[in-house]
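Some notes on the structure that comes next.
Hydrogens, waters and symmetry mates play no part in the numbers below; they use all other heavy atoms, side chains included. Not measured: the values here are computed from a predicted model.
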Amino acid sequence: MRRTVFNEDHEAFRETIRAFIEAEVVPVYDEWFAAGQAPREFYYKLGELGIFGINVPEEFGGAGMDSHKFEAVLYEETARAGVQFGGSGVHVLLALPYIKMLATDEQKKRYLPKFVTGEEMWAIAMTEPGTGSDLAGMKSTAKLSEDGTHYVLNGAKTFITGGVHADKVIVCARTAAPTAEDRRHGISLFAVDTKSEGYSVGRKLDKLGLRTSDTAELAFVDVKVPVEDLLGEENKGFSYLGHNLASERWGIAFGAYAQAAAAVRFAKQYVQDRTVFGKPVAAFQNTKFELAACQAEVDAAEAVADRATEALDAGELTPAEAASAKLFCTEVAHRVIDRCLQLHGGYGYMNEYPIARLYADNRVNRIYGGTSEVMKMIIAKNMGL
């Protein structure tokens, strides 16, 4: 089926990205995998390539686009090559929307030029030890100083992707106690400089998958955050967090579809090259049937992902539609990647093969951004159930 979601500009961008990955990432990716993170210098290369500035206004050094389709191309091309761009996805997909939505003109002038070049990498710190998805239960606090010039930040965060290399982190903290009527009241967002006294990076977490993205624990002990770095209004942070969930879940959905498509590509190539009992594995009927079934699921996920992309660009992607896309695409990817690994036999369990890494990378898609169970609750509520 002919796709209509991408135009000539997107395809030209695809060619550039594919060549960049082949030249700059594939030759060193095993080193990144062993180290558990991409090198900090790599992000400067992404900045030079213009990756970070696609959706940043021109006045701040960006390309001034207002579309997620270039991000979609990135998802497809990194999955196709079996690589990741470290923790840089958080920089663009998660942090940038908050800056664009909440930052004042003065803040944008300070933040965005260095954001575009990669000179300052951003992360976002929501989750805390012991709270998980219950953001309303967060304990980190930010108390305004007596002279009103800064907040004093104390607390801890965990599972922070990009946390090791981050130069700036959007930290969620309580500026007021929750009320009996609303547990979500009192949360605010701050742009915190990681060089601040009292700010520290704890363990770089040892993850099952996404090995090249630096995920860490963070701690704050009497960190002074200037009032000029409050993002948006005080105590309205929870509503801000909910505002960007649709785009975050779209990213997970599209990325999962891209991973499923890549898995079929890897498996097809493997079964054509691998010989068993004197003939290629691809010659067996079971192989053909398995790959055909996987391709049918990928085709369906592609249609869902593309539809969600168009809706997101049009500003029409609802929370329920985003939840549905995430649920469907991540569950499809789970099934397809598992079946494609099976076709690799024992070699599919070896990390030197991209299908093994893809299997581990994919697993978190049904957890972060809201679990599959949470997605079902959102969809059911939208159905009036």
Side-chain angles (χ1 to χ4, degrees), residues 3-7 10 13-14 17 51-52 54-56 65-80 84-85 87-101 122 124 126 133 161-162 170 210 213 239-262 297-334 336 361-379 381-382:
R3 298 176 78 184
T4 58
V5 69
F6 299 124
N7 61 29
H10 302 122
F13 179 69
R14 184 187 303 279
I17 292 301
I51 298 297
F52 298 148
I54 293 172
N55 289 325
V56 173
M65 300 288 184
D66 189 21
S67 170
H68 288 78
K69 293 182 180 180
F70 293 96
E71 292 173 51
V73 171
L74 280 173
Y75 284 124
E76 290 185 336
E77 290 306 308
T78 51
R80 179 184 182 278
Q84 298 278 338
F85 279 179
S88 64
V90 169
H91 182 69
V92 174
L93 183 63
L94 298 188
L96 182 58
Y98 288 103
I99 299 173
K100 291 176 67 176
M101 177 176 69
W122 287 65
I124 184 164
M126 293 184 276
S133 298
T161 300
I170 299 173
L210 301 178
S213 69
S239 63
Y240 298 147
L241 295 175
H243 184 83
N244 289 319
L245 279 176
S247 62
E248 178 182 354
R249 288 168 180 164
W250 163 82
I252 297 170
F254 202 99
Y257 142 69
Q259 289 176 324
E297 290 218 75
V298 168
D299 286 345
E302 179 187 274
V304 170
D306 285 356
R307 185 181 69 174
T309 303
E310 296 285 18
L312 182 63
D313 271 12
E316 298 172 354
L317 185 65
T318 68
E321 289 169 344
S324 180
K326 180 182 184 295
L327 176 66
F328 183 78
C329 291
T330 57
E331 294 291 340
V332 163
H334 161 65
V336 167
D361 290 348
N362 173 260
R363 186 57 186 87
V364 76
N365 288 335
R366 291 181 289 148
I367 298 174
Y368 66 5
T371 63
S372 290
E373 291 73 24
V374 171
M375 298 304 100
K376 292 174 183 177
M377 290 173 60
I378 295 170
I379 297 165
K381 184 178 180 180
N382 187 65

From Leu327 atom CG to Ile252 atom CD1, the distance as rounded to the nearest 0.5 Å:
12.0 Å

If only side-chain N and O atoms count, and only distance matters, is there a donor-acceptor pair under 3.5 Å linking Glu321 with Asn382?
no

Side chains of Glu71 and Trp250: closer than 4.5 Å at any heavy-atom pair?
yes

List for me each residue that meets ring pair (Phe, Tyr, Trp, His ring centres under 6.0 Å) alongside Tyr257, sequence neighbours excluded, and say none if there are none.
Phe254

By side-chain hydrogen bond (donor to acceptor under 3.5 Å, both in side chains), Asn7 pairs with (sequence neighbours left out) His10

Residues which pass salt bridge (Lys or Arg N to Asp or Glu O under 4.0 Å) with Glu76, listed by chain and number, not counting sequence neighbours:
Arg3, Arg14

Results of side-chain hydrogen bond (donor to acceptor under 3.5 Å, both in side chains) for Trp122 - residues two or more places apart only
none

Distance-only donor-acceptor check, side chains Ser372 and Glu331, under 3.5 Å
yes

Exam field: side chain Asn55 to backbone Ser67, donor-acceptor pair closer than 3.5 Å:
yes

Quick one: list whatever passes side-chain hydrogen bond (donor to acceptor under 3.5 Å, both in side chains) with Asn362, sequence neighbours left out.
Gln259

Separation between OG1 of Thr330 and CG of Asn365, rounded to the nearest 0.5 Å:
6.5 Å

Do any N or O atoms from the side chain of Lys381 and from the backbone of Ala320 form a donor-acceptor pair under 3.5 angstrom?
no

Backbone of Gly370 reached by a side-chain donor or acceptor of Arg249 within 3.5 Å:
no

Distance-only, no hydrogens or angles: does the Lys69 side chain make a donor-acceptor pair with backbone N or O of Val5 under 3.5 Å?
yes

What distance do Leu241 atom CG and Glu248 atom CD have between them, rounded to the nearest 0.5 Å?
9.5 Å

Partners passing side-chain hydrogen bond (donor to acceptor under 3.5 Å, both in side chains) against His243 (at least two apart in sequence or in another chain)
none

Any donor-acceptor pair under 3.5 Å linking the side chain of Ser88 with the backbone of His91?
no

